[in-house]
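One structure is given here, and the rest of the page talks about it.
Just so it is clear, the model here is predicted, and its values are computed rather than measured.
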Amino acid sequence: MRYFFTLLRLRIKAGAASRTFLLTAVCFLALSAVLSAALPDSSRMSLEVGLVAEGERAERVTARLMQNEDYRFIRYPGQEAAEQAVLAGKLHCGYLLGAEEPPIIALSTRSAYMRPLIDEIVFAAWFEEEMPVLAAERLTQNGFSDAQAHADFERLREEAEPMTVVLRQSGGQALDTLAESSVQPLLYAALVSAFLAISLAAGLLGESGRDRAVRQLASVSGHPLATVFAGTLSQALLNLLVLVASDLLLGALLDHPAYPLYARLAMLAILAVASALLTAVVSLSGRLRAVVPALLPPFLLVSILCSGAIVRPELLPAGLGALRFLSPAWYALRLLSIL
């Protein structure tokens, strides 16, 4: 046991001073900072709604919606401009307000997760303008004077409390964090894939003299398993140190982390061990050294594309969805979502 802990301490000290470890750590932390800084601004991507108004009543509804304090409603000159803005991601969704049937047409993509709530706001504004006119016409048809009906409804409009929407939180995550957090799975998928790729590259860049010394020590010490396990554990601890530093960096740059701390720590610990095992296998295997450089680009492509952060892997054609089982990022995101 004394041999194991002594070797573990020496391997950690040597690994931390290694130029390969320092280079890969700096590259990964820089990548984490760049990717987190490149995330879209949640305040800009989720609260802008486009409006196209045709007709006097639609203009009044638009004016009412423009006064909304929770969402930023923006006037667009026509349907084509609004559709292009929705498809380009400049608008969360859009609405065509007109005098013909149907009077309201929604423009949105599948990513418009807030549309049901915005629908309620738009319909409420429309009916607030529409219902007094319809009710006045119905009362006039039943013998009430038009002037009296309009006067009564104007008085009720001033005295009655406006309709409000009560939004209740469900699932432990506030809705105002979803815009930013919805992009974070892609961030974590990219970082998990990149860290494993960097670990494989570090195994290729490993010092051949040190690897030979480890093999000789394992054969002459009489403790081959302890020698190999100490080396792998030291690398796992160093990897975990880098991953925790990266998570602290992401926590400082992201306003709303998408996953709880305990889930991230569990995923990082598993990733640290897996990357250490990969590094050990690659560094000690001569055949893998020749194959790994050619496998790194398709590995990154499969890991990120089949992670589920971009598109559901089950939707990929020709059975390509089965590649998700070869994607480390897919397992990482599933672990984060389960925990």
Which residues satisfy the salt bridge (charged side-chain N to carboxylate O under 4.0 Å, His left out) test with R75, sequence neighbours excluded?
E59
Transitive ILVMFWY side-chain link [X] to [Y], under 4.5 Å:
{"X": "L323", "Y": "L305", "value": "no"}
{"X": "L191", "Y": "V273", "value": "no"}
{"X": "I105", "Y": "V52", "value": "yes"}
{"X": "Y331", "Y": "I198", "value": "no"}
{"X": "L51", "Y": "L117", "value": "yes"}

Under a 3.5 Å distance rule, please check whether [X] uses its side chain to pair with a backbone N or O of [Y] as donor and acceptor.
{"X": "R115", "Y": "C93", "result": "no"}
{"X": "R324", "Y": "G321", "result": "yes"}
{"X": "S337", "Y": "L333", "result": "yes"}

Looking only at heavy atoms, which two atoms of [X] and [Y] are closest? And how far apart?
{"X": "Y76", "Y": "A85", "result": "OH-CB, 3.6 Å"}
{"X": "V86", "Y": "S108", "result": "CG1-CA, 3.9 Å"}
{"X": "A197", "Y": "L300", "result": "CB-CD2, 3.7 Å"}
{"X": "Y259", "Y": "P185", "result": "OH-CG, 3.2 Å"}

Enter the distance from [X]:[atom1] to [Y]:[atom2] here, rounded to the nearest 0.5 Å.
{"X": "L91", "Y": "F73", "atom1": "CG", "atom2": "CZ", "answer": "11.0 Å"}
{"X": "L196", "Y": "L271", "atom1": "CG", "atom2": "CG", "answer": "5.0 Å"}
{"X": "L238", "Y": "L243", "atom1": "CG", "atom2": "CG", "answer": "11.0 Å"}
{"X": "I104", "Y": "D119", "atom1": "CD1", "atom2": "CG", "answer": "8.5 Å"}
{"X": "R64", "Y": "W126", "atom1": "CZ", "atom2": "CH2", "answer": "12.5 Å"}
{"X": "L250", "Y": "L35", "atom1": "CG", "atom2": "CG", "answer": "9.0 Å"}

Suppose the criterion is ring-ring contact (aromatic ring centres under 6.0 Å, His included): which pairs have a residue in residues 12-37, not counting sequence neighbours?
F28-F195
Residues in side chain to side chain donor-acceptor pair (under 3.5 Å) with S275, at least two apart?
N239
Across all chains, not counting sequence neighbours, the side chain to side chain donor-acceptor pair (under 3.5 Å) partners of S303 are S193
Can you name the ring-ring contact (aromatic ring centres under 6.0 Å, His included) partners of F325, sequence neighbours left out?
W330
Using the side chain to side chain contact (heavy atoms under 4.5 Å, CB included) rule, take R72 and I74 through it: C-alpha gap first, then chi angles, then the decisive distance, then the call.
CA-CA 6 Å; R72 184 184 176 191; I74 303 175; 4.0 Å; yes
Evaluate the side-chain proximity of Y188 to S307: yes if any heavy-atom separation is below 4.5 Å, no if none is.
no
Apply side-chain contact (heavy atoms from CB on, under 4.5 Å) to A263 and list each qualifying residue two or more places apart in sequence or on a separate chain.
P260, L336, L339
Can you tell me if E54 has over 12 outside heavy atoms packed within less than 6.0 Å of its CD?
no
